[in-house]
Each structure stands twice: as C-alpha cells, then as structure tokens.
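Worksheet: one structure, shown below.
So you know, we letter chains A, B, ... as the sequences are listed, proteins then strands, and number each from 1. Owing to the predicted nature of the structure, the values given are computational and were not obtained by experimental measurement.
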Protein chains: 2
Amino acid sequence: MSGIKKKQPLAQRPSLTMADLAELAGVSKITVSRALSESTLVNAETRERIQALARKHGYKLNVSARNLRLRRSHTVAVIVEMKPSSGRTMWDPYPLSLLGGITQELTSAGYSVLLTTRQDAGNAAVQAADGLILLGQGARQDAVRLYDKLGLPMVVWGAAGQGGDNHTVVGSDNRQGGISAAERFLSIGRRHPVFIGNPDHPEMAQRLFGFVDELAGHGIKPLLLRRADFTLESGVDAVRSLSERKVRFDAIFACSDLLAMGAIRALVELGQTVPNDVSVIGYDDTPLGASFLPPLSTVRQNWQEGGVLLARKVLALIHGQPVQSQMMATTLVVRST
Amino acid sequence: MSGIKKKQPLAQRPSLTMADLAELAGVSKITVSRALSESTLVNAETRERIQALARKHGYKLNVSARNLRLRRSHTVAVIVEMKPSSGRTMWDPYPLSLLGGITQELTSAGYSVLLTTRQDAGNAAVQAADGLILLGQGARQDAVRLYDKLGLPMVVWGAAGQGGDNHTVVGSDNRQGGISAAERFLSIGRRHPVFIGNPDHPEMAQRLFGFVDELAGHGIKPLLLRRADFTLESGVDAVRSLSERKVRFDAIFACSDLLAMGAIRALVELGQTVPNDVSVIGYDDTPLGASFLPPLSTVRQNWQEGGVLLARKVLALIHGQPVQSQMMATTLVVRST
DNA sequence: CGATATCAAGATATCGATATCATATGCGGC
DNA sequence: GCCGCATATGATATCGATATCTTGATATCG
C-alpha cells in the first residue's frame, strides 16, 4: 500500500519510511520507531529483527520529521565574524582549529554544526538551532546582545568578563599569557620591557593587564606600543619608531608571532642582537615562529581544546545544566629569543 | 483557540505558528503561508498586512516543518578531512578561506552550511542534505566513492580528472601554476630547475606535470626532489641534500611557500645568493612570503573565489542544471626571488 | 447576456516521526 | 476465579508548513 502513491507531487528520491519498514516487519510504525531508538519497551528479539531490516534496506531517518515532532533541531549554530580584509580574521590559521574542536565534539555528541557568518544570523535556520557559539570579534557587546535576544543557549569565545557576564565565555587565559611573559622577562633580568599590540581588543587588553600587573609587582612599568595591524611590517615599524624615539628597551612582548618576527627583523637591521640585547616573546606559537631564525619564544594557546570546551558548554546549557565561564591555561614556549 | 493547548507534552518556548498569525489576521493559514512567501496569489494589501503582523510579533518560520513538507533540507553538507597531525591539513590557513567563500555564497542563497568531518559523514543530518561539498584530502578515490553512494549532488575540491570524473571537480589550475613557474624560469634564462614537492598528491602532481611539460618544450628536464612535509625544515633539508650531492641547479620551484623559504634559508647558508645564483618560486602566496627577506615570488591561488565556485556548482546541481568541472586560474606573483 | 477568464482565499490532505493513551496477553497471589 | 501488574504492541493525535483542489467573486468578451 504505502509503497504506491497515486501521485507524487513533490518528486524526489523515494526513501524508506518507518511505515514502510513497519509493513515489511509486520508491525506498527510505532514499534519500528521504538526499536530503532533502542527503547526497552519493545521485545529484544523484535528489536533486533527490525534493526536488521533497517540496515538491510538502508533506512534513513528523516531528520526534519523528527525535529518537527520533538521541537528541537539537534543543531548548534556557529557564528563567525568575517572581516576578510582585516589582518586577523576568523579565517586566520588559528581560530580555525577552534572550529575543528567544535565540530569534533558536537558531531560526536550527535549534534550538527551550522556554520554562519554574522551577516545572515537572522536566518531561520539559525533561529531554529538549539544553541549558539559565537566566534571572532563578533564577541563584541552589540553582537552578543543581538544574539542574546534569540533566547538560545549561547557560549562566546573571548576574554573573560567581556560583555556583561550574563553569558558563558570560554577563552584562553590571556591575562595569564601576559603574566608568564612578564615572569620570563623578570627571570632573565630585563628591566625595560615593551608591549606591542592593540589594547582595544579585549583579549589583547587582558594580555596587557597581566603583563603590566606582574611587572608592577617588581617596580617595573612597561612601555605600551599601540599597533592595530598584526603584520610583520607592523612589527618592523614598531621597533623602528622605538629606535627613532631613542627609547631604551631590552624586552618585547608582542601580541602575535608575526609582530614579534617583524620586531626581530628590525632589531637585527638596527644592529641589535636577539636575545642578547633585546629579548622577544610572541603570541600564538605559529609553525613559522618555530622555524624562524632565531626560533621564536612565544605564548601558546590550545585552540583545538578551546573548541571542544565551547562545544561542551553549549551542550551542557542545552541540557539545562549549570555552566560557568572558563579560561584555558596558556603555555610559554621558550625558544631562543 | 489555537493559542491555548490542553497539554504541553514537549515543553518549549512557545513560538508563534502560521495558524496563530492566521487567527490574528482573520485569514486562513494558507493565506499566511502565501503572504510570507511573497506569492502573487494573495492580494498585495493583505500580504503587507500579514507581513507587518509577522514582523511585529517576531514570527519565526519552523524550518523543520517546511523541510518535511517540501522534502528538502535547504542544507549543504561540507565534509572536511581532518588529519590534525599532518603538516597540511584542512585546518591550515588557506583551505579555510575556501570555507569562507562557501559559507558566504550558500547562506546568501538561502542555504545552510552543515560542517562535518569525514568520520561521521554517515550522519543522518548529512544524508538529509541537499548537496555535498568535499574538501581536503578527502577528495581521494575511496572517500569520493563512499559519498557518491548517497546519491546526492556533489562537488569536490581538488585536481582535475581526479577520481573517475563522474563528479564535478573545482580546483585551482595546478598545471597552469606549474607552467607559469616554468615560463618565468625560462624567461630569465635558467637552465637547471628543481621541483620540490610530493607528486603523490594529485594537486602537486599537476604542478609537476605543467612544470615538466613546459620545460620539455625547451629541451630542459627538471630535477624532481620528493618531499612529503611542507615545513620550512623540509625545504632546508632539500637544498642541503642537493648541495651534498653536488647537483648543479639555478632555479627552484617549491610546492609551498614554507618549502621555498626553507630552501632560501639553506641557500643563504651555503653562500648562494637569491635570486642571482638561484631563483626561487613558492606556492600559495602566504602573508609571510610577502614579508620574507627577500620577498618571495610565488603562485597565488584564490581560495575564497574557489569556495564561491564550489557553492555555485552544488546549487546548480541541486536545481538540476548541468554543471562542468572547472579549474581556476592561478597568478604568478613575481617578487624578488 | 451567458460563457469563460482572472483573482483571492479557503478546505483538506500530507510530509515522517513520536508522545500519549489504550489494548491485549500472561502470570502470580489471595 | 478475579484482581493487579508487567510486558509488548497498537491506535490516534500531533508537530508546522505547504501542494493541490475548490470555491466564490469580479472582470472580460463575443
């Protein structure tokens, strides 16, 4: 019966439904539903039989139907900020292993990952998601508030305390990253450190605070060199400007490996040696930093793990469990600079 | 009536349905459906009125319901190969702007992007997708065949002709990339070129073929230096081995900027000058190559555009339009090497 | 003027799965 | 022999949207 339709108004590859399986097995479709969802309400033998039948005929669950009935989508929307022209976009190497971690964790929990950009987050599919993960500079106040209105479980990647702390934040412990750079400089007797980066960015600001606070404990006040671009040229330029201003410095903490490498290049040009005259620490532990000459010391963040954490938190929220913000430890990788 | 339910078995945030809107507007729900989908079957005035009402009450379409009825998911699954430990994974900087392009194009066409890894592509949600995009080394024969069985419109990123040409392939024109490197070397009078890369990888193989063929037309046969890793160290090592074997060479075409930079570093160590003694061309146009000293000549691929193209092709396939494989032009960026 | 378009809106059935309530059967205990 | 209870299965309603078929009203034409 059910196999033959009078009409097929919405032509499509005809796929097996539970009703079809039910007919094949000689049971009702509810029994099939129960058998396939491992319910104990159905006899073990029948269950096996139905499952075997499903496998044999390549039965595929209709996700839309289930989602409609259950009023959930089993989907988490990941909203990334896309600023294609910026020096540090979400499409940069690192934040992307975040996506990797997220995907791994969510899919293995049976959830789907819906990738979207900020622009079209008004999207019906996004609103239908069970939860939200915000990545990138999108973690700014306005954006966060915007998505908050959707009333969905939401987790944000970024700096702690960012955005009214009404929502869960996961990020790497930028403050601690700054502290460990400071500790390193102190331990090797540097007295005139410089910070290169953009304190307007909440994550960088945390690095700066950690750096400054730790140094302050030893009576040292670092110089802040504001640089918005995270390019190598920007690093070169920063150091040149220091030299022109005849600033005395013996250590540089840069907010990215690229900046750090630029700084080193400029130092070499100016006849300074690294690390003898000036010690340099970068941020992110890019593969290039390790191969740089001299090999770059840097602060490493574990993005992949961050992604996993983000995913776990949304899932917890979705299941109604209490969740707290969390900052992940960073590691200072000491190489030759 | 419809606002009040006797029971609420699956408790959830109560959201407005078309039926609710219909009651508010004093029309039937079909009219609402038509009004919201801009159908001309409904009076312009009524349409406006209903749309205003929908906006006012923050009506949200239930995607599952629509998808169920229409028997499509408005979703394209993007399957990425995840090999976290490899030197060149999908989570590398570049292939990721591919994702950017894909996302942009698909979402602006009203489709959702479902991100998955290879492992769980048996996933119900993936099977429910309207189309598939394969990224990364997943474009290998076995993987392609696996997904082919799903019978979904599918587009693969990779080298032309790869995998039985039963399916659509989009990629950058690696062969042409090889040719333009060869042309450049010929034009500056180099006679002893070397190719560094891994010809087992289909895309690299194309570069090699283009390189070899073009040179052959001028009676030159390049040396093939096989290197599986795409690290800077690998490039250093490659050049050292050339020097140890006392091979004579005056040009290097490397399959990645990192390899090329490593090669240059080794050349400098050996007292050779670039580009006077040896000319070097890399691949990918990474930001670092441009800032390298000396600035690296390289072959640029436009990943973002590739993503857009992939997306357009799946959409075309989904809509039943004929589609052809396409290779995107590459650009030789001549800098100082 | 009657016949036929044209336009606007409604009635109904349907997509595929599952929650809930109902039913049938078997079994032990008093 | 009847009640209660557990086990296994079925019937029905429902999730929210839309395709298709109808219906009614107005317009157009020979």
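With dG16(D), dT18(D), dG10(C) as the candidates, the nucleotide lying closest to the side chain of Val27(B) is dG10(C). Ranking dA13(C), dA17(C), dA11(C) by closeness to the Arg69(B) side chain, first place goes to dA13(C). In this structure, the nucleotide among dG10(C), dC15(C), dG10(D) sitting nearest to the side chain of Arg34(A) is dG10(D). Candidate nucleotides dG10(D), dG16(C), dT14(C) were compared by shortest atom distance to the side chain of Thr17(A), and dG16(C) ranks first. Between dC15(D), dA17(C), dA11(C), one nucleotide has an atom nearer to the side chain of Ile30(B) than all others, and that is dA11(C).
There is a side-chain donor-acceptor pair under 3.5 Å between Asp130(A) and Ser73(A).
Rounded to whole angstrom, the span from the NZ atom of Lys29(B) across to the C1' atom of dA13(C) amounts to 10 Å. Atom CG in Asn67(B) sits roughly 14 Å away from atom P in dA17(C) (whole-Å rounding). Arg72(A) has its CZ atom 11 Å from the C1' atom of dT18(C), to the nearest Å. At whole-Å resolution of the value, CG in Leu36(A) and C1' in dA17(C) are 11 Å apart. Computed from coordinates, the Glu45(B) CD to dA8(C) P distance equals 11 Å when rounded to whole Å. Atom CD of Gln127(B) is separated from atom P of dA17(C) by 12 Å (rounded to the nearest Å). Note: CE (Met18(A)) to C1' (dG10(D)) measures 16 Å, nearest angstrom. One can place CD1 of Ile50(B) at 13 Å from P of dA8(C), the figure rounded to the nearest angstrom.
Panel note: side chain Ser97(A), backbone Gly100(A); no donor-acceptor pair is recorded below 3.5 Å.
Remark: dC29(D) base-pairs with dG2(C). Criterion, Watson-Crick or G-U wobble with two distances under 3.5 Å.
Aromatic ring pairs are classed by plane angle as parallel below 30°, tilted from 30° to 60° and perpendicular above 60°; the pair His319(A) and Tyr111(A) is perpendicular.
Ser28(A) has no side-chain polar atom (N or O) that falls below the 4.0 Å cut-off from OP1 or OP2 of dT9(D).
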Take Val76(B) and Val113(B) through the test side-chain contact (heavy atoms from CB on, under 4.5 Å) and record every step on the way to the result. CA-CA 5 Å; Val76(B) 171; Val113(B) 179; 6.0 Å; no
Before you tell me yes or no, could you show the steps for Gln326(A) and Lys313(A) under side chain to side chain donor-acceptor pair (under 3.5 Å), namely the whole-Å CA-CA distance, both residues' side-chain angles and the distance that decides it to 0.1 Å? CA-CA 10 Å; Gln326(A) 185 174 344; Lys313(A) 303 253 179 205; 2.9 Å; yes
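Closest-nucleotide positions on DNA chain D for Leu41(B) and Tyr59(B) were compared, and the one nearer the 5' end corresponds to Tyr59(B). Of the two residues contacting DNA chain C, namely Leu68(B) and Thr46(B), the nearest-nucleotide position lying further toward the 5' end is that of Thr46(B). Nearest-nucleotide mapping onto DNA chain D: of Thr31(A) and Asn62(B), the residue sitting toward the 5' end is Thr31(A).
In this structure, Ser37(B) reaches neither bases nor backbone, as no heavy-atom distance under 4.0 Å exists between it and the strands shown. Contact annotation for Ser64(A): no contact, since no heavy-atom pair falls under 4.0 Å across all strands.
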